[in-house]
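Structure record follows, encoded as structure tokens.
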Number of protein chains: 2
Amino acid sequence: MVNSEEVLDRTFGALSDRTRRAILRRLSAGEATVGELAAPFDMSMPAITKHLNVLETAGLIQRQRDGRMKRCSVRQDGLKPAEDWLTGQTMFWNGQLDQLETFLAREKAASDA
Amino acid sequence: MVNSEEVLDRTFGALSDRTRRAILRRLSAGEATVGELAAPFDMSMPAITKHLNVLETAGLIQRQRDGRMKRCSVRQDGLKPAEDWLTGQTMFWNGQLDQLETFLAREKAASDA
DNA sequence: GGATAAATGAACCATATGGTTAATTCTGAA
DNA sequence: TTCAGAATTAACCATATGGTTCATTTATCC
């Protein structure tokens with residue numbers, strides 16, 4: 001098990017950079033090559049490669065060879081840890097403990113499955 | 001206007017550290033002094049102060065003097081930018097463009113208000 | 001007023017982060 | 001089989017981050 005705190009560190013860390021958020025949003029519209037992703041930015045290719053590495057190790061994207069290019073795509077459930085943490089947090093301080101119980105039970109069921 | 005990208009940078013950046021997330025969760029259960037927040041961690045007080053500074057400039061908490069202590073509390077809408085970004089993102093790649101339109105309209109209305 | 005406690009500030013250190021340029025790998029095409 | 005393009009790796013640099021210790025402010029209590 002890859003410690004849930006580490007996952008959250010990496011997920012939120014990946015989202016804390018605007019270039020990476022822009023890349024994610026671009027990829028939401030569909031797959032793209034590394035070159036296509038780099039085009040809008042005034043930044044070298046290696047810089048983009050580094051950002052893609054961060055996104056990939058955070059489980060937010062995946063890359064696969066396609067000829068001499070590489071196609072990047074979103075990993076569908078990559079944002080779930082971040083969403084779940086935020087949901088739990090807001091329900092907590094909203095004092096909605098009844099909803100929180102339901103939420104936690106659902107989480108547990110999902111992780112056991 | 002404090003550039004929405006900067007807000008997201010700071011918000012996700014603040015959440016990318018497990019000590020700060022733990023502090024936020026602790027504060028969800030109710031106010032606490034800096035000393036109470038520091039107690040569970042094997043870390044100096046100045047380190048905690050720094051984390052609190054990060055959380056405060058990200059708009060996630062606030063501090064107020066109370067005698068010779070300071071009481072920290074959660075800022076209720078501090079997580080909203082992060083939540084909204086995540087919601088928009090997941091709706092997008094889920095292909096739920098109809099729901100996305102509704103969401104964006106609601107966002108716009110809220111920001112205009 | 002003087003001692004003590006809570007929190008912060010200042011200075012410092014090691015490592016992480018985000019960028020660069022130059023070299024390298026891998027693949028497709030002439 | 002050589003050439004050219006896409007992407008990554010390597011090496012480097014400046015700044016940010018997360019921690020430390022020591023000094024300082026602010027407020028309480030005797």
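Just so we're on the same page: letters track the sequence lines, and every chain starts at 1.
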Mind checking which stems touch DNA chain D? I mean at least 3 consecutive Watson-Crick or G-U pairs, both distances under 3.5 Å. C:1-30 with D:1-30

NZ/NE/NH1/NH2 to OD/OE distance under 4.0 Å, B:Arg75 and B:Glu56: no

Side chain of B:Pro46 only, heavy atoms from C-beta on: which candidate in D:dG18, C:dT20, C:dG9 is closest? C:dG9

Test your reading of the model: is there a side-chain donor-acceptor pair from B:Arg65 to the backbone of B:Gly67, 3.5 Å cut-off? yes

Would you call A:Arg25 and B:Glu5 a salt bridge, using N to O less than 4.0 angstrom? yes

Rounded to whole Å, CD of B:Glu6 lies from P of D:dA16 at a distance of 14 Å

When you measure from the side chain of B:Arg71 to the backbone N and O of B:Asp66, does any donor-acceptor pair fall under 3.5 Å? no

Near DNA chain C, under 4.0 Å by heavy atom, which residues of residues 49-66 of chain A? A:Lys50, A:His51, A:Arg65

For residues A:Val74 and A:Ser28, report the shortest heavy-atom separation together with the two atoms involved. CG2-N, 4.0 Å

A:Asp17 side chain to A:Arg20 main-chain N or O, any donor-acceptor pair under 3.5 Å? yes

Mind checking whether A:Phe41 and A:Val54 sit in one hydrophobic cluster, side chains of I, L, V, M, F, W, Y counted as touching below 4.5 Å? no

Keeping B:Gln89 on the side-chain end and A:Leu24 on the backbone end, is there a donor-acceptor pair under 3.5 Å? yes

With the side chain of A:Met45 defined as its heavy atoms from C-beta on, choose the nearest nucleotide among C:dA7, D:dG19, D:dA7. D:dA7

Over how many whole Å does the gap from A:Arg10 atom CZ to C:dT17 atom P extend? 11 Å

Hey, is the main chain of A:Asn3 close enough, under 3.5 Å, to the side chain of A:Glu6 for a donor-acceptor pair? no

Rounded to whole Å, CG of A:Asp17 lies from P of D:dA16 at a distance of 14 Å

Counting only heavy atoms and a strict 4.0 angstrom limit, can you tell me which residues of residues 34-43 of chain A come near DNA chain D? A:Val34, A:Gly35

Take atom CE of B:Met69 as the centre, draw a 6.0 Å sphere, and report whether it contains more than 12 heavy atoms from other residues, nucleotides or ligands. no

Validation row: A:Gln64, A:Glu31 side chains within 4.5 angstrom (heavy atoms): yes

Calculate the interatomic distance between A:Ile48 atom CD1 and D:dT8 atom C1'; express it in whole Å. 13 Å

Base, sugar-phosphate or nothing for B:Arg71? Non-hydrogen atoms, less than 4.0 Å. nothing

Within the 4.0 Å heavy-atom criterion, would you say B:Arg18 contacts the bases, only the backbone, or no part of the nucleic acid? nothing

Whole-Å distance between C:dT17 C1' and B:Phe12 CZ? 18 Å

Are A:Arg68 and C:dA29 close enough that a side-chain N or O sits under 4.0 Å from OP1 or OP2? no

Measure from NZ on A:Lys70 to P on C:dC26 and round the result to the nearest Å. 10 Å

